[in-house]
Amino acid sequence: MRILLLCLAFLTGGTALAQGVVLPVGEAKPKKPAIALLPPAASSANAAASLGIVQQTIRADLGFAEQFRVLPETEKTGADYSASGGFSSESGRFVYELRLVDGSGSKELLAKRYMADAPDLKLLGHSIASDIVQAITGKKGIFNTRIAFICDRSGKKEIFTASFDGSEMKQVTHIRSLALSPAWSPDGTRLAFSVYNRHSDNTKNIDLFEIDFSSGKLRLLSNKTGINSGASFSPDGKKIALTLSFTGNPEIHLLDPASRTATQLTRSIGFDVDPAFSPDGQSLAFVSSRPGKPMVYLMELARPAEPKRLTYAGAYNATPAWHPDGKKIAFAGWIDGRFDLFTITTDGAKIERLTKNEGNNEDPTFSPDGNFLAFSSSRSGGKNIFVMDANGGNVRRLTFGMGNCVSPKWSPYLR
C-alpha cells in the first residue's frame, strides 16, 4: 500500500441447550448516531473526479458496518457527527484533508491529512472510513481487512482473498490440488495453508505451506508423514499450532516455523484437531473426540496435560474461533439435523445460538474488531461465504459464482 498518512491531530474524546442462555429475541436496539459526509472542496476538475471514488468508498464502508445512519450527500440536519475537508493534487499525488466534528461543531474528534497515488484511491477511502469509526467508537474500522477462503470453481480447491465486503477478489494459490485451512500470520503478510501433496515416493500427504504476499513465494513448513493441518499462528508469530498425525494419532502440536521442530501438546485416544490460539497467546481452543463425540476443549499452554471441556452443544462441535477480547468463542455445532453457529463464554456460563433453519452454517471467524463474523453456509444452495453481525443479525452474502466456498479466515488489521 502506498498511502502516506500524515496526522495533524487525532483526538478521541432459539433452542435451549444444556449450557444455558439462548439469544434474546426482540430486544430494543439503540438509535444509531447520524453522520454527515459533506463533500470536501476539490481544488480542480481532475481532483473532483478522483474525489468521487474516495467519497463513494467511505460512504459504502460506513453503510456496510451499519454502526451509523449515513445521511444523504450534502445533508447536515440532525447529524451527530459531521465530516468535511479539502481534496487537492500535489506533485502527482492526491491529498485528502479530513475534519470530523460533533453535531454542534464545537468538538473536533479527528483532523488528519492523507496522501495517496491514483491507484490507491479506494485504499485511501477505506483508511478514512476506518479512522472515522475509531474516532467515534474507539475501535478501528475493518475496511482495510481481507477474508481468505477456499473455493472449488476450477474443480480444484484454491485459496482466494477478498475485501471485508466481498469486493476485490483475488486468487492466491494456483496449486491445482486441494487446499485446506487457511491461516493469517499476525502481521497479515503471510498465509499458511495445507495441501494434499504427492511426495517423491509417490505417496500422498497433507503438507503445511506458507505463502508470502510480498514475494508470492511458497515455503514448506511441515511435511511429516500423515496430517499437517489446521494451522493457527501464535500472536507473536513465533509458533504455529496444528494437528500432526505422524505418531499414529491426530494430536495438537506446536511448530517452530524457523527450525520446523514440533512439540506435542495433546495425548488422547481420540483425535484432536482445529487448534486456535487465544488473543493473549496463553491458551488454545481445540476440538477433541475424547468424550466419544467431538467437543471444544480449552488448554492452558502452561499446563497442556490438563485441558478442560468447554462445549456440550448437540452431537458434534467444530472450528472454534476466539473473539478478539478473549472472553468468548464461536463454533459450529450439529443440532436439529444441521450445523449451526454458536458463541460461548470461556467459562462456559453462557451460550448463544446465532443461526437456525438456514442450511448448514460452519467455519466462524471474527473480524479483528469483534463486531462481525464471517462463515460458510449452504443457505443459498451451494456453499458460500457470508458475513453477519457478531450477534447473528444483518447477514450478507459475499461470494457468487465461485463454486463451493468454505473455511473463511478474517485477516488482522492490514497496513
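The analysis underlying the following values was restricted to heavy atoms, covering all of them including side chains, and did not include hydrogens, waters or symmetry mates. Counting begins at 1 with the first residue of the sequence.
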Student: My understanding is that only one of F342, F286, F366 makes a ring-ring contact (aromatic ring centres under 6.0 Å, His included) with F331; could you say which?
Tutor: F342
Student: Can you see whether N144 engages S127 through a side-chain donor-acceptor pair at a distance of less than 3.5 angstrom?
Tutor: yes
Student: Any side-chain heavy-atom pair from L301 and L265 closer than 4.5 angstrom?
Tutor: yes
Student: Got a sec, which pairs hit salt bridge (Lys or Arg N to Asp or Glu O under 4.0 Å) with one end in residues 298-315, sequence neighbours left out?
Tutor: E300-R303, R303-E306
Student: Salt bridge (Lys or Arg N to Asp or Glu O under 4.0 Å): which pairs involve residues 395-412, sequence neighbours left out?
Tutor: D389-R396
Student: Under a 4.0 Å threshold between the charged nitrogen and the carboxylate oxygen, would R267 count as salt-bridged to E251?
Tutor: no
Student: Taking side chain as C-beta onward, heavy atoms only, is Y297 less than 4.5 Å from N317?
Tutor: no
Student: Under the ring-ring contact (aromatic ring centres under 6.0 Å, His included) rule, collect the residues that match up with Y316, sequence neighbours excluded.
Tutor: F339
Student: With F213, which residues qualify under ring-ring contact (aromatic ring centres under 6.0 Å, His included), at least two apart?
Tutor: W184
Student: Please identify each residue that fulfils side-chain hydrogen bond (donor to acceptor under 3.5 Å, both in side chains) with D272, with sequence neighbours left out.
Tutor: T266, S268, S288, R290
Student: Any heavy-atom pair between the side chains of I344 and Y312 that's under 4.5 Å?
Tutor: no
Student: Drop me the distance from I132's CD1 to D61's CG, to the nearest 0.5 angstrom.
Tutor: 9.5 Å
Student: Give, for atom CD1 of I329 and atom NE2 of H323, the distance between the pair rounded to the nearest 0.5 Å.
Tutor: 12.0 Å
Student: May I ask you to test the R260-N223 pair for a side-chain heavy-atom distance under 4.5 Å?
Tutor: yes
Student: Can you tell me how far CG of L37 sits from CD of Q56, rounded to the nearest 0.5 angstrom?
Tutor: 12.5 Å
Student: Where do D236 and P186 come nearest, in terms of heavy atoms and distance?
Tutor: C-CG, 4.3 Å
Student: Side chain to side chain contact (heavy atoms under 4.5 Å, CB included) with D280: which residues, sequence neighbours excluded?
Tutor: S278, Q282
Student: So S177 and V195, do their side chains get closer than 4.5 Å, heavy atoms only?
Tutor: yes
Student: Inspect the contact between K383 and D363 and indicate whether a charged nitrogen and a carboxylate oxygen are less than 4.0 angstrom apart.
Tutor: no
Student: May I have all residue pairs that pass salt bridge (Lys or Arg N to Asp or Glu O under 4.0 Å) and include part of residues 134-163, sequence neighbours excluded?
Tutor: none
Student: Would you call I128 and K112 a side-chain contact if the rule is heavy atoms closer than 4.5 Å?
Tutor: no
Student: Within this structure, what is the CG-OG1 distance for the pair L373 and T365, rounded to the nearest 0.5 Å?
Tutor: 7.5 Å
Student: Does F277 have any ring-ring contact (aromatic ring centres under 6.0 Å, His included) partners at least two apart in sequence or in another chain, and if so, which?
Tutor: none
Student: So how far is it from R59 CZ to L62 CG, rounded to the nearest 0.5 Å?
Tutor: 8.5 Å
Student: Can you name the side chain to side chain contact (heavy atoms under 4.5 Å, CB included) partners of R379, sequence neighbours left out?
Tutor: T355, E358, N361, F375, S377, F386, V395
Student: Using ring-ring contact (aromatic ring centres under 6.0 Å, His included) as the criterion, list what pairs up with F68, not counting sequence neighbours.
Tutor: none
Student: For a quick check under 3.5 Å, do D274 and T319 share a side-chain donor-acceptor pair by atom type?
Tutor: no
Student: Check side chain to side chain contact (heavy atoms under 4.5 Å, CB included) between N197 and all other residues, then give those that pass, not counting sequence neighbours.
Tutor: H199, D207, F209
Student: According to side chain to side chain contact (heavy atoms under 4.5 Å, CB included), who are the partners of R190, at least two apart in sequence or on a separate chain?
Tutor: S185, D187, E210, D212, F233
Student: Below 4.5 Å, heavy atoms only, C-beta onward: do L100 and I136 meet side chain to side chain?
Tutor: yes
Student: Which of these passes ring-ring contact (aromatic ring centres under 6.0 Å, His included) with F143: F164, Y413, F372?
Tutor: F164
Student: In Å, rounded to the nearest 0.5 Å, how long is the span from CG of L208 to OG of S181?
Tutor: 9.0 Å
